[in-house]
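Letters A, B, ... are given to chains in the order of the sequence lines, protein chains preceding strands, and every chain is numbered from 1.
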Number of protein chains: 2
Amino acid sequence: MDASSDLQNRVPRKRRKMQRVTMMDVAKLAQVSPSTVSLYLRKPGAVSPAAGQEIARAISTLGYVPNLVAGGLAAASSKVVSIIVPSIRNAFFAETVSTIQSELSAEGLQVILGHSEYGEDQEEALVRTALSWAPAAVVLTGLSHNAETRKLLQASGVPVVEMWEIGGKPIDMAVGFSHPQVGASAARHLLSKGRRSLAFLGARMQEDHRAAKRASGFAEETKRAAEPATCEIINHPGAATVEAGSLLLNRALRQIPNLDGIVCSNDLIALGALFECQRQGVAVPERVSLVGFGDLDFSASCIPSLTTIRPSGDLIGREVARLILASIHGERPEGTSLVVDTGHVLIERRSS
Amino acid sequence: MDASSDLQNRVPRKRRKMQRVTMMDVAKLAQVSPSTVSLYLRKPGAVSPAAGQEIARAISTLGYVPNLVAGGLAAASSKVVSIIVPSIRNAFFAETVSTIQSELSAEGLQVILGHSEYGEDQEEALVRTALSWAPAAVVLTGLSHNAETRKLLQASGVPVVEMWEIGGKPIDMAVGFSHPQVGASAARHLLSKGRRSLAFLGARMQEDHRAAKRASGFAEETKRAAEPATCEIINHPGAATVEAGSLLLNRALRQIPNLDGIVCSNDLIALGALFECQRQGVAVPERVSLVGFGDLDFSASCIPSLTTIRPSGDLIGREVARLILASIHGERPEGTSLVVDTGHVLIERRSS
DNA sequence: AAGCCTTATCGTAGCGCTATGATAAGCCTA
DNA sequence: TAGGCTTATCATAGCGCTACGATAAGGCTT
């Protein structure tokens, strides 16, 4: 035979890999069409009870596991929600992610996780891969992103929720609270206790813009006070840890002779500061008042118990999930950008 | 025309949704075939430099984002690794997940996260959905799973890593350490300090089998001691929190008159116990020695600093990632189940 | 009983990509 | 210069599912 005929009647290619059980197999066993199986899986109410039972039986006898990848491709949108946080090690974000995850998994959505380590370029890369999953929604942390990230997301048409911060223009939706207001609340609290030489102890504020905003809100409220008061912002370039808190406290003690009020960028730092006060013989709250942020696990139990500001990562998570589900179900008021303020609560305990 | 001819020459269906830019578009612009673009994306070295440049240019002008869902379907295995932990709120797992994620993302793998809340049936459901992603690997926590979970995973042929525990028969691979040995180390340490009335304070040990194993390892080592020593295991049914630690300490003080050595199931509980000792006027380490587990952030800084056992969640994460990558690249010795012991280290500080 | 709705089910064309094997284009070697 | 080997590139058949539109089967009207 000649070459041209060879081109025409080609041998069927070897199939690469037969996967276990497909929807087709289920359909055959249940004596219905694949479409009906698919329909049953997506909207069980739409098929007749008889067919439904037949299909359910077939699924269980065959041990059928639907292939979400194929489904995602066919539906042009996969059942994943991509969440990008600065760090999962951070208890705040862990709580929120955990809550979002719980709420979404009830609706059959998966969570894909990424952490940016507070880098905007790294965040952009994560957004890029997130979008290659054709996700049902993307969740970002904060409102600060580089231009490319915003462009990518806007162009994608995917619902986007920015969480843990409000007070700027969101890409799409936002759930969180105002960080400057948190700083201001802390300042007012200390001022109301008669404290006049204040310090804000923060970590990694070059990158953690939200912490920086709490600091500046704090500083501004101090300036605005009726009685004259001073305020210094002290930053630790490393991570916000208990140890950083100890270091920061010592720096504050050195820099501010009459220091009598301290706000920490989070409760871990506050705990470190508290321990260091104890070591240095600085009485809390007698000589200095201490206010944290986050209301972590230990904050109510430590000695003295820690006055802190609770932002409720849990509530944020629930609201994020709610907005995502509403968007997916098309219940969202078109055109308006949705912003939910979850607020914050100052919890007064013994340290102030 | 009759019905049968109508069946034959049907109108082409409306396409549902055109996606932005496809590989085809890139191929057209770069004047090569789609296969070449695909090849370039997967193995850049395999295409000529000239074609590569052309393709790269096309990708950037069009802003092409590859569709991983389609890729996953075609390749019969998606670039996701599914990690199932009991809880992300737990600092241990957060650390490990974070590390795995970092290591894997360098190889273009995504992490899908699930949390089982210490429920085996919930874990099974998570494994089921995990498998519907045709994942490159599945990571589970611990060696205790229900029969169905094991069956599903074994049948799937997907690489499986069980982490944070060794000492049983893994489904496929395991990375972790022996929990009874951790308990035994803690017991030996307290005994060596002359402590004889010991207690193990744990939380949620009905569900947290690993904590329960640390407790029993502790109890057995105590029995085996040269000098006679007693040991009680006290369990708090709720979560392992600082507050649980306070409650547990009070119960221990009530139940054990001469209590002089305490091991806590984790450092959060130990911190709570430490605070409570301070409140109750129980001198640590003079009257009781205290040993924790986990070496969390605060353990070195608290007062007194906490003797603890470090399991190294970070190392576990790195090893898990290494095994996964080896499996994917087919560098794994066939047939052997791989088990990596990451060990544990007792860090002696002031609390003992 | 004809006509018109519903409702349940089906057939099939892609979704965008990768794997496979084929082909074309060089590049030696004899 | 022919034959044999590498590469580099290509054409195409699915991967398993969902969405679309069509069809069949009843159930009401009038």
Side-chain angles (χ1 to χ4, degrees), chain A residues 3-4 6-28 30-52 54-55 64-79 131-134, chain B residues 3-4 6-28 30-52 54-55 64-79 131-134:
Chain A
S4 72
D6 207 54
L7 262 172
Q8 296 316 101
N9 66 338
R10 38 176 73 265
V11 198
R13 228 72 77 43
K14 186 177 69 183
R15 286 309 315 121
R16 17 210 135 138
K17 185 195 259 174
M18 44 149 211
Q19 102 146 20
R20 317 163 288 265
V21 182
T22 71
M23 188 177 275
M24 184 68 107
D25 301 319
V26 175
K28 268 186 200 137
Q31 315 231 51
V32 295
S33 77
S35 325
T36 308
V37 178
S38 171
L39 191 60
Y40 170 76
L41 254 24
R42 281 172 297 117
K43 296 171 191 164
V47 307
S48 67
E54 222 35 62
I55 294 169
Y64 170 67
V65 177
N67 184 331
L68 289 180
V69 181
L73 180 59
S77 154
S78 64
K79 292 210 164 305
L131 288 178
S132 32
W133 282 99
Chain B
S4 71
D6 206 55
L7 263 172
Q8 295 315 100
N9 65 338
R10 40 177 72 268
V11 197
R13 228 72 76 48
K14 186 178 69 185
R15 286 310 316 122
R16 24 212 129 136
K17 188 196 256 174
M18 44 147 210
Q19 103 147 21
R20 316 164 287 265
V21 182
T22 72
M23 188 177 275
M24 182 70 105
D25 301 320
V26 174
K28 268 185 199 140
Q31 315 233 49
V32 295
S33 77
S35 324
T36 308
V37 177
S38 171
L39 191 61
Y40 170 76
L41 254 22
R42 280 171 299 119
K43 297 171 190 165
V47 307
S48 67
E54 223 34 62
I55 293 168
Y64 170 67
V65 177
N67 184 330
L68 288 180
V69 180
L73 180 59
S77 153
S78 65
K79 292 209 163 305
L131 288 178
S132 14
W133 284 100

Once you round to the nearest 0.5 Å, how far does OG of B:Ser48 lie from CD of B:Glu54? 10.0 Å

Whole-Å gap separating P (C:dG16) and CH2 (A:Trp133): 16 Å

Which heavy atom of A:Thr22 sits nearest to which heavy atom of A:Tyr64, and what is that distance? C-CE1, 3.5 Å

For B:Ser35, enumerate each residue passing the side-chain contact (heavy atoms from CB on, under 4.5 Å) test, keeping only those at least two apart in sequence or located in another chain. B:Ser33

To the nearest angstrom, how far is A:Leu68 atom CG from D:dT18 atom C1'? 13 Å

Using a strict heavy-atom distance below 4.0 Å, which residues from residues 30-42 of chain A are in contact with DNA chain C? A:Val32, A:Ser33, A:Ser35, A:Thr36, A:Leu39

Least distance between heavy atoms, B:Ser78 atom then A:Trp133 atom: CB-CH2, 3.9 Å

Find the distance B:Asn67:CG to D:dC15:P and express it as a whole number of Å. 18 Å

Contact summary for A:Leu73 and B:Ala70, nearest pair of heavy atoms: CD1-CB, 3.6 Å

Pick the closest DNA chain C nucleotide for A:Val47 and for B:Met24 by heavy atoms, then say which residue is nearer the 5' end. A:Val47

When every non-hydrogen atom of B:Val69 is compared with those of B:Asn67, the smallest separation belongs to N-OD1, 2.8 Å

Where do B:Pro34 and B:Ala27 come nearest, in terms of heavy atoms and distance? N-CB, 3.6 Å

Answer whether the closest heavy-atom distance between the side chains of B:Met23 and B:Pro66 falls below 4.5 Å. no

Output the single nucleotide from C:dG14, C:dA19, C:dC17 whose closest atom is nearest the side chain of B:Ala75. C:dA19

So, do A:Val32 and A:Ile55 sit near enough that their side-chain heavy atoms are less than 4.5 Å apart? yes

Polar atom pairs (N or O), protein with nucleotides 5-7 of chain C, under 3.5 Å:
none

In whole angstroms, how far is the P atom of C:dC10 from the NZ atom of A:Lys28? 14 Å

Return the value, rounded to whole Å, for the distance between atom CD of B:Glu54 and atom P of D:dT9. 12 Å

Length of the line joining B:Ile55:CD1 and D:dA8:P, which is rounded to integer Å: 13 Å

Is A:Ser48 near enough to C:dT9 that one of its side-chain N or O atoms lies under 4.0 angstrom from OP1 or OP2? yes

Rounded to whole angstrom units, what separation is found between the CE atom of A:Met23 and the C1' atom of D:dT18? 8 Å

Which sits closer to the 5' end of DNA chain D, B:Leu73 or B:Ala46, going by the nucleotide each is nearest to? B:Ala46

